[in-house]
Amino acid sequence: MPNILIIEDEEKISRFVELELSHEGYGTGKAMDGRAGLEEALTGKYDLVILDIMLPELSGIEVLRRLRRESNVPVILLTARDSVTDKVTGLDMGANDYITKPFAIEELLARIRVILRNAEAAGEEREKKPAADVLEAGGIALNPESHLVTYRGEPVELTNREFILLRILLENRGTVMSREKLLSEAWGYDYYGETNIIDVYVRYIRQKTSDDVIRTIRGVGYMIE
Ligand code: CA
């Protein structure tokens, strides 16, 4: 059965939803604030996330924004009745659906079923499609769709962030990419001013492949030839 993560700080709601979901046979996980919820959602253990908008630490919208940089896991937002802006923003940011509090559990369960069914159908559709164009350079091969990365034919295990960074460098091969540009393309402007985080990830990628894969362009940034 699918696993569902509930990110909600109101314990009464969270416990109630969890109980109903387990009763339906779903696996469940819980997080009580935005930061913990984002971390948990990024583990990849879940098939669907129920995300409250009003959360401590990080708002639901912010959780969604960060989650969408790395994951396409379906998200249902829990919103307050009168907050049209939240709904619109949420859907713009890639939420799959929303439900207004207070809600009937049957309605939530019905929406979960629809989303999971669509996700499954989309997955089957993807399997039928021919393989995506593999990006290759300097012995590295990266498949943007399957996320499979190899170096000289050997599989390489990359974290999500390393993968995204490598993908951007490969997509722009032959072009020197500044740290600022890499940061904004890979993660938005969240870490603005801390461009040395790019150096750290480049080092990780080199350790997992070879020093020759990514060239350092002194005082500018990085490139793959
Ligand atoms: Ca809340």
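Position 1 is the first residue of the sequence, and the numbers go up from there. Whatever order the structure lists ligands and atoms in, that order sets their numbers, starting from 1.
The residues Asp97 and Arg111 are annotated as salt-bridged, a charged nitrogen and a carboxylate oxygen being separated by less than 4.0 angstrom.
For the Ca ion (ligand 1), protein N, O or S atoms under 3.0 Å: 3 in total.
If you run side chain to side chain contact (heavy atoms under 4.5 Å, CB included) between Ile50 and each of Ile99, Ile7, Leu108, only Leu108 comes through.
For residues 26-78, there are no ring pair (Phe, Tyr, Trp, His ring centres under 6.0 Å) pairs, not counting sequence neighbours.
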Go through Lys30 and Glu40 one step at a time and tell me if the salt bridge (charged side-chain N to carboxylate O under 4.0 Å, His left out) criterion holds.
CA-CA 8 Å; Lys30 273 200 302 187; Glu40 188 65 14; over 6 Å; no
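Residues passing the salt bridge (charged side-chain N to carboxylate O under 4.0 Å, His left out) test with Glu225, sequence neighbours excluded: Arg215. Here Tyr204 pairs with Tyr201 under the ring pair (Phe, Tyr, Trp, His ring centres under 6.0 Å) rule; sequence neighbours left out.
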